[in-house]
Structures are given as structure tokens and as C-alpha cells.
Visitor: 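Pasting in a structure now, in C-alpha cells, and then I'll have a few things to ask.
Every value quoted in this text rests on a predicted model; they were computed, and no experiment measured them.
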Amino acid sequence: MVDINAHPVPTAEDEANSAFSHEEGGSSDDDTTHNGPASVAGNKRKRIKCELCKARKVKCDRAEPACSWCARHNRTCVYLERQKPGSRIGFTLELESKVNRVDALLQALWRRVEDHIAHDHHPSGLPPVQSLSPTGSSHVEGLHQLPSAADHAASTGHPLPVAFSASTPVLQGTTPGAYSSPLWRDSADGGRDGLRGGEPRSSLMAGPPSTTATAATLSLAGGDSAPPPPIHPSEHASRVASAPRAGPSSFSSGADLPSDDIVYTLVDLYFKHCNTWCPILDRKSTFGIFFGSTSLSEVDRILLHAIVATTLRFLKGSRLTREMRAHYHAVSKHTVMIFAMEHVSVAALKALVILSLDELGTSNGPRGWNLLSLLAQNVRHLDLCNENSMYLSSAAAEDVPRSGSVRRVAVGRPESWIEDEGRRRLCWMVYLLDRYATVATTTFDFMLDDGKMRRVLPCSYDLFSRNVPVETRSLESGQQQHGAYAVDRSENLGSFSYHCEILRILSRVHEFVRRPIDVSSAADMAGWRDTYRSLDAALDRWLQSLPSEYGRISALCHSDPASRVANWFMLHSAYVTSVVRLHSPAAYPGPAPGPNTGASPPPLLPPSHYAMQRCLAAVQSLRDITRDVDEADGLDLVGPPFAFSLWVAARLLVVHAAAVGGPVDSKIDFFIDILGYVGEYWEVAANYARILARVVQRGRQGDGSFADMRRSAHDLVSLTTSTRRSGLEETSSQPVSLSELDSIDIFDFFNYPKMPEAARGPVITPGGSHPLMQGMAAAAGDGTPRNPDPEADWLGYSSSFR
């Protein structure tokens with residue numbers, strides 16, 4: 001066999017002419033002698049064809065300087081000396097190169113068709129998606145470059161950089177070249193052979209030659225041998241086999257999204273890990289949009305970016321390196337943020353809510369606050385807090401001046417019940433995120449006012465997914481306080497509905513706790529106790545209203561640890577947070593205001609035994625349910641709100657140790673370990689675990705008592721709340737250590753209730769003729785930590801804890 005490794009590769013036109021010659025009966029015998037004119041090199045080139053005739057496998061007259069066929073077709077005629085016989089490696093490389101060139105040609109032709117569809121048949125009002133590469137060239141050119149680079153790497157062993165393309169104009173030119181080189185280094189380690197060696201690929205990667213450059217390189221860099229299993233194999237296979245996808249719906253057309261199989265996995269991970277407790281998307285319709293036969297619109301692609309940015313943390317395996325994950329996360333997050341800043345719409349709000357899960361799961365800091373501010377403001381602009389019955393529509397809404405009338409036509413009438421329910425769920429989810437973030441910071445006001453939240457409760461997810469219009473429950477604030485509802489169809493409620501209800505109670509609890517009280521006023525104290533008892537009763541009524549499966553979540557966790565149970569875990573954690581938030585000010589009241597004399601001041605209120613037992617029982621119940629979740633390997637199914645509840649429960653154990661003057665309960669080690677595990681997915685939980693570990697270690701090592709830490713945190717916070725009476729007064733700054741900041745993080749959540757500004761001064765001892773005040777005076781102590789007397793509970797509950 002002749003080694004033709006160094007021979008030029010025929011073009012597509014040559015192959016076509018070769019086929020035509022075979023149809024005409026041309027022979028392909030390479031050793032046939034030629035009776036034509038003798039060549040100048042006579043014997044030297046005897047029985048040697050020119051390279052084009054050899055490639056076409058037809059007879060060559062071996063004429064000089066060009067054979068008859070080359071001269072007739074004006075082609076360059078090249079004669080090469082016969083090579084010595086060798087192995088078939090050269091032939092294999094030649095076939096590989098030929099396959100790559102044919103594949104590149106097919107990709108280029110298919111991309112031209114997709115470009116034609118994207119540009120000539122794109123919906124009006126939306127710019128074509130995926131139209132330009134970072135250099136401004138079309139996708140066809142950018143995609144045509146990659147197979148050439150692959151051929152170069154295969155033949156020379158030196159990879160060329162990958163020319164990524166971006167589908168979002170704001171990202172053009174921002175993709176660093178550093179992301180291309182590692183992909184090709186990975187392919188040089190055997191990824192190329194593995195891809196062609198019969199390894200199964202995702203059904204999304206099969207079909208027409210629209211597999212793009214990025215998809216190919218990411219597959220070469222992959223380490224997972226099996227693709228993600230589809231949830232509905234038969235439906236998914238039929239969708240993929242039905243028709244090729246158009247240009248805008250090819251995910252991996254640039255460096256902005258991973259390959260199609262990874263995108264499918266990420267969407268599936270979102271519904272497994274996030275949508276159970278953030279149920280704003282319908283699974284069936286979402287998969288139909290992303291993986292159906294229709295093109296992706298711009299808003300659908302933005303939603304896909306939000307899902308990718310949020311669920312990359314759950315993707316396992318080595319298909320994406322750390323650098324690639326960081327790249328896709330940054331690109332997707334930036335894409336969603338830019339779109340949300342420029343568009344006030346329900347679609348943009350939906351993507352922004354999903355992206356906020358990523359931000360709030362990373363840290364409860366300024367970036368999350370800014371994102372929540374944008375979410376709350378968009379909800380108000382779109383008027384999603386009301387159950388509107390009339391909408392204005394105008395075809396010229398984009399042409400009218402930007403005045404007050406624009407807000408009235410910013411969102412149109414929902415086209416279906418499922419769209420209306422989707423908006424309702426979206427509004428409630430923003431409400432929940434606002435509540436969790438605000439309660440965590442303790443000093444901020446809620447961004448969405450409860451009095452203006454006039455949405456009915458969402459229905460169960462099953463009814464939402466089946467598009468079954470139902471009535472649920474009206475949550476007018478005045479009605480809820482008295483336990484009466486205008487509409488009450490509890491059989492249509494789901495876990496998300498009850499989650500909204502408990503967060504509504506938590507809102508009232510948070511406002512109540514932050515309201516200052518004057519302990520020297522009998523009227524203030526009587527009103528405070530009445531409100532406290534009313535909220536306690538509201539929590540009990542809510543708990544009793546839950547369906548029967550709530551009481552069996554522990555058994556369900558062990559028998560069926562599917563993601564559908566995760567929403568009940570989140571519901572339980574929300575209840576624990578509400579209980580601790582309500583009862584901790586009475587169980588562990590903050591220090592009374594006064595000069596810092598070095599001694600531990602008495603608490604503002606005497607501790608309540610009843611409230612203390614309610615807090616400890618809630619912490620124990622959360623520990624039990626968390627152990628069940630851990631044993632069922634379901635901790636990856638819970639989200640940042642669950643981590644926040646663990647954070648609240650663990651801190652209460654430290655506060656309890658500071659109040660009674662003893663060591664911290666060993667249960668805190670369990671909470672720290674669980675937070676560390678959840679922190680593998682949600683970084684905010686890892687931050688909670690680090691703070692707790694440092695504080696507990698200092699207390700156990702004797703670096704300071706927990707009571708001293710609490711007093712230090714109280715004094716530092718009091719300093720930051722002091723204000724100037726004149727703009728001419730000088731300001732000051734006080735440096736703080738990491739341990740002092742940790743103390744604020746641990747104890748400031750529990751330093752309630754507080755005194756009004758006008759009543760601050762020397763320590764006020766409760767007294768007077770009112771029975772409540774006399775009971776408080778009898779229960780008040782000198783500040784020495786000890787357990788409260790159950791028989792002298794000033795809240796008026798019986799001594800037995802119910």
C-alpha cells in the first residue's frame with residue numbers, strides 16, 4: 001500500500017468529478033501502463049499518476065508538463081515520486097482529515113441555512129440572535145475556522161487557538177483567549193479519539209450538522225462517559241428526531257453557553273434542586289421551549305442564561321473545568337443583568353428572580369440587596385401585587401412619550417390561566433426573597449409592603465403544571481389576622497402556598513420585634529404582650545392547618561427521598577425561623593441601655609420560661625428533620641432559606657449559653673457540619689459555618705465568655721446607631737477585629753426588643769401599680785445569667801410548656 005500521508009487532499013469538487021468518472025466507466029487501476037507520449041523523466045516516473053488523477057482513481061496519460069485531464073480543467077498537475085511501502089497510519093490520518101473537511105463543509109452550509117432563517121424569518125421587534133462573532137464576522141466564518149484548526153492540530157500536533165463567537169452584543173470581544181487553549185490541550189490527551197470511538201452522546205448532539213465549535217471542544221474536554229438521562233426519554237427522543245433546530249435555538253453557537261448536552265443537564269438540575277422551592281417555572285413547557293423544534297427567542301435565551309448561572313454549582317464531573325465554569329457563570333450573569341436593566345417585563349423579571357437565587361446563595365451582602373431592590377421595584381412597576389381585572393393595550397405603546405401612561409400598558413393581559421398563575425407565583429417569590437433577606441439583616445425595612453400585597457395564594461404545583469384553573473385562598477391582611485378569608489379552597493393549596501402564608505406571619509413577627517417598647521409604660525407592655533400572644537396563636541393555627549403529609553415528612557424522607565419532599569423541608573425550616581424570631585426577644589431579651597460600667601447589665605425584660613422552651617423545642621425539631629434529610633442524602637435539594645434557618649437555630653444555642661452562663665450545647669457541632677456540607681453548593685452556608693466555628697472555638701478555649709461577646713456586640717451596634725445633632729460635629733471611626741464582627745453576626749439578631757430613643761438613659765427598672773409591671777419587677781434580676789422561673793412567667797402562660 002502506498003503511503004499518501006504527504007499528498008494533498010482532494011476538494012469537494014474533485015470528489016464529485018471522481019464519482020462522475022466512475023459512472024462513465026473510468027478505471028481506477030493504479031498500475032495500468034500508459035501508451036501516450038513518453039515523459040521527460042521516462043523510466044523514473046513510469047507507472048506514476050499525477051496526484052489529482054490518483055485521488056480521483058482514474059487513468060492518467062502521464063503527459064508533461066500536465067496530463068490531459070489537468071490541462072483540460074486548468075488544474076495544477078503534480079507528479080510525486082512513489083513512496084516506500086509503510087504502515088496504514090498515513091492512510092488513517094488522511095481519512096480523518098478528509099472527514100474533518102467534509103464535516104466543516106456541511107457545518108458551513110448548515111449555518112448559512114440557519115443564518116437565512118434567523119435573519120429573514122425572525123420575529124419583528126427582536127434583533128437577530130447569535131449573529132456576530134467577537135470580531136464582527138458571521139457565525140459561518142467563525143465556525144468554519146474551527147475544523148481548520150482541528151485539522152492543523154491533527155496533522156502537526158500544534159493546536160491553534162479557538163475563535164469563540166458571542167451571541168450577545170454586550171459580550172463581543174470580552175472572551176479571553178485563555179479559555180481556548182486548555183480545551184485543545186484536553187483534546188490532545190485522547191479526547192478526540194474518545195469522541196469518535198463510539199462513546200454515546202446526548203440526543204441533543206445528534207441530528208443535523210449544527211453541532212458547533214464550542215460544543216465539539218467542550219465534548220473533547222469532557223470526562224463523563226454517559227450523557228444525562230432525560231426525564232421523559234420517549235418524549236425527548238421524539239422531539240429531537242422530529243426536526244432540526246433553527247439557528248437561535250442552538251445553545252452552543254458561541255462561548256456564551258456550554259454544549260447542548262450540558263445545557264440540558266443544567267436545566268434538569270434546576271428543576272431538581274431549585275424549582276421545588278422556587279416553583280415559578282412549569283417543567284413540561286420549559287423543556288418544550290428549550291428543547292423543542294422551534295427557535296429560541298431572545299427572552300427565552302435570557303431565561304436559559306439565568307438557569308445556567310444558578311445551577312452550574314450542581315454540575316458534577318469534569319466536563320467543565322473550574323475556569324470554564326467561572327467563565328460561563330460570569331457571561332450568563334452579565335447577560336441577564338444587562339437585559340434586566342434595559343427591559344421591564346415579566347420575562348426579564350422571571351430571569352432576574354432565578355439569578356437572584358445565585359446571588360443570595362453566595363452572600364447576603366450589598367450585591368444581593370441591590371438585586372432585590374430591582375426585583376421589588378419591577379414588581380411594583382408591573383403592578384404584579386394586585387389581582388387586576390382590566391388591562392390597557394396599545395399597539396403604539398412603544399411610540400408614546402415616556403410618561404405616566406407607559407406604566408399602564410407595560411404589561412398586557414395574561415393570555416391564559418397558566419400565564420396568570422405564573423405571574424402570581426413570580427410575585428410571591430419576590431415577596432419571599434424580600435422577607436428572608438430583610439429578616440437576615442434585621443435593620444432594613446421590607447421592600448414590598450404587606451398592606452399592598454393583594455395577591456391570592458398560588459395553587460399546588462400539580463394543578464399549575466396541568467393548567468387547571470382553580471381558586472385558592474385570599475390573603476387580605478385584615479382578614480388573615482382574624483382567621484377569615486373571602487375565598488378559602490384549601491384543597492387546592494400546595495407547599496408553596498403554605499410557605500407564602502408562614503412568611504406573611506414572619507413579616508408581622510419581624511415588624512413586631514423591631515418596634516421599640518417603653519418598659520416603664522404599663523400600656524406599652526400590655527400591648528406588647530397582647531401582640532406577642534396573638535402572633536403565637538397565629539403560628540399555632542397555621543401549623544394545624546397543614547395537610548396530613550406534613551406530619552409524615554420524616555417517614556417520606558426515608559421512604560422516598562425524591563426532590564418533591566424538599567419543599568416540605570423548606571416549609572418546616574420557615575416555621576422554625578418564625579418561632580425563633582417571635583419568642584427569642586422574650587426568652588433572651590437584649591441588654592438594657594445604660595453606661596458600660598464593665599459589669600453585665602440586667603436584660604431589658606425578664607426572660608420568659610415559656611418563650612425559652614418554645615425556642616429550644618423549635619431548634620430540636622429542626623435538628624431532627626435535618627438529620628433525616630442528611631441520612632437520605634437530600635441536603636443538596638435545599639436552598640439558602642434552609643441554610644438561613646440552620647444559621648438561626650445554631651446562633652440561638654450560643655445565645656442560650658450566654659443567657660444561662662454555661663457551655664454551648666453540643667448540638668451546635670451538628671449544625672456547623674451540616675452548614676459546611678450545604679456550603680458546597682451555596683456559599684452563604686459555608687460563610688455561616690465559618691463564623692459559628694470561630695465563635696464556638698473562642699468560647700470553648702476560654703478567650704471570652706459568650707455573655708461578654710453578646711455585650712460587646714450590643715455596644716458596637718449602639719455606637720453605629722448614634723447620630724449627630726449638627727453637621728458641624730466631628731465624626732469618628734473605631735477599628736474592629738474579626739472576632740468583634742463575628743459577635744455582631746451572632747448576637748445582633750437577638751438583641752431585641754429595644755427602647756425608644758426618647759426613653760434611653762439610665763437603666764429603667766420595671767415597676768408601678770399594673771399587675772404586669774409588678775410581675776416583671778418580681779421576675780427581674782441583677783443580670784446574673786440563670787434559667788428563668790417557670791412559675792413566675794410574666795407573659796401569663798401556664799407553667800407547663802405545651
Side-chain angles (χ1 to χ4, degrees), residues 360-369 436-444 577 580-581 584-585 587-591 596 598 600-601 603 615 619 622 640 642-680 682-722 733-752 754 785:
L360 296 175
T362 302
S363 67
N364 189 21
R367 291 188 303 181
W369 306 336
Y436 277 114
T438 305
V439 170
T441 56
T442 70
T443 56
F444 294 159
T577 301
V580 172
R581 190 65 177 138
S584 59
Y588 312 99
N596 188 359
S600 297
C615 290
V619 171
L622 183 61
F642 191 89
F644 176 70
S645 297
L646 296 174
W647 166 241
V648 170
R651 285 186 295 172
L652 185 125
L653 296 178
V654 180
V655 174
H656 181 79
V660 301
V664 66
D665 197 314
S666 59
K667 295 187 186 75
I668 198 170
D669 297 321
F670 171 80
F671 287 114
I672 293 176
D673 292 341
I674 295 298
L675 282 171
Y677 183 85
V678 177
E680 296 180 9
W682 304 101
E683 188 179 341
V684 66
N687 187 38
Y688 294 154
R690 287 190 292 267
I691 297 174
L692 285 168
R694 290 195 297 262
V695 171
V696 171
Q697 184 180 15
R698 285 196 294 269
R700 288 173 174 173
Q701 291 178 349
D703 296 340
S705 67
F706 294 120
D708 292 339
M709 296 180 192
R710 186 178 188 187
R711 179 62 188 183
S712 172
H714 179 269
D715 293 341
L716 288 173
V717 172
S718 298
L719 285 176
T720 59
T721 57
S722 60
S733 177
Q734 178 173 332
V736 291
S737 62
L738 178 62
S739 61
E740 291 174 323
L741 293 177
D742 288 344
S743 297
I744 294 176
D745 288 330
I746 294 291
F747 295 103
D748 187 50
F749 185 81
F750 300 92
N751 284 333
Y752 291 90
K754 297 183 180 295

Visitor: Are Phe749 and Val655 close enough that some pair of their side-chain heavy atoms sits under 4.5 Å apart?
Guide: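 No, their side chains stay 4.5 Å or more apart.
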Visitor: With no hydrogens and no angle check, is any side-chain donor or acceptor of Ser712 less than 3.5 Å from a backbone partner on Asp708?
Guide: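 Here the side-chain-to-backbone pair does not exist.
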Visitor: Enter the distance from Leu622:CG to Thr577:OG1 here, rounded to the nearest 0.5 Å.
Guide: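 Going from the CG atom of Leu622 to the OG1 atom of Thr577 covers 7.5 Å.
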Visitor: Which heavy atom of Arg700 sits nearest a heavy atom of Asp665, and at what distance?
Guide: NH2-O, 4.4 Å
Visitor: Enter the distance from Ile744:CD1 to Asp715:CG here, rounded to the nearest 0.5 Å.
Guide: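 So the gap between those two atoms works out to 10.0 Å.
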Visitor: Any side-chain heavy atom of Leu360 sitting closer than 4.5 Å to one from Pro640?
Guide: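 They are not in side-chain contact.
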Visitor: Check whether Gln697 reaches the backbone of Arg694 with its side chain - one donor and one acceptor, N or O, closer than 3.5 Å.
Guide: no
Visitor: For Ala689 and Gly676, work out which heavy atoms get closest and say how close.
Guide: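 Between these two residues, the closest heavy atoms are CB-N, 3.8 Å.
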Visitor: Considering non-hydrogen atoms only, spot the tightest contact between Thr720 and Val717 and give its length.
Guide: OG1-O, 2.7 Å
Visitor: Take Asp742 and Arg698 through the side-chain contact (heavy atoms from CB on, under 4.5 Å) test and state the conclusion after the steps.
Guide: CA-CA 11 Å; Asp742 288 344; Arg698 285 196 294 269; 3.4 Å; yes
Visitor: Measuring from Trp682:CH2 to Asn687:CG, what's the distance to the nearest 0.5 Å?
Guide: 15.5 Å
Visitor: Considering residues, nucleotides and ligands other than Glu683, do more than 12 of their heavy atoms fall under 6.0 Å from its CD?
Guide: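 Counting neighbours around CD of Glu683, 12 or fewer heavy atoms of other residues, nucleotides or ligands fall under 6.0 Å, so no.
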Visitor: For residues Ala685 and Gly679, report the shortest heavy-atom separation together with the two atoms involved.
Guide: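 Scanning both residues completely, I find the closest heavy atoms to be CB-N, 3.7 Å.
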Visitor: Tell me whether Arg581 forms a cation-pi arrangement with Tyr752, defined as NZ or CZ under 6.0 Å from the six-membered ring centre and within 45 degrees of its axis.
Guide: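 Satisfied, under 6.0 Å and within 45°.
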Visitor: Centre of Phe747's six-membered ring, under 6.0 Å away, within 45 degrees of the axis: is that where NZ or CZ of Arg711 sits?
Guide: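 The answer is no; the distance or angle limit is not met.
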Visitor: Would you tell me whether Asp669 and Ser666 have side-chain atoms, one donor and one acceptor, within less than 3.5 Å of each other?
Guide: no
Visitor: Roughly how far, to the nearest 0.5 Å, is CD1 of Ile672 from NZ of Lys667?
Guide: 14.0 Å
Visitor: With a 4.5 Å cut-off on side-chain heavy atoms, are Asn751 and Arg710 touching?
Guide: yes
Visitor: Measure the CG-CG distance between Leu646 and Leu692 for me, rounded to the nearest 0.5 Å.
Guide: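 Reported to 0.5 Å precision, the distance equals 10.0 Å.
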Visitor: Just one of Ile746, Leu653, Val654 clears the side chain to side chain contact (heavy atoms under 4.5 Å, CB included) bar with Phe706, so which one?
Guide: Val654
Visitor: For the CD1 atom of Ile691 and the CZ atom of Arg651, what is their distance to the nearest 0.5 Å?
Guide: 8.5 Å
Visitor: Would you indicate whether the side-chain heavy atoms of Phe644 and Asn364 approach each other to under 4.5 Å?
Guide: no
Visitor: Do the rings of Tyr688 and Trp647 sit parallel, tilted or perpendicular, given the 30° and 60° boundaries?
Guide: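 Ring orientation of Tyr688 relative to Trp647: parallel.
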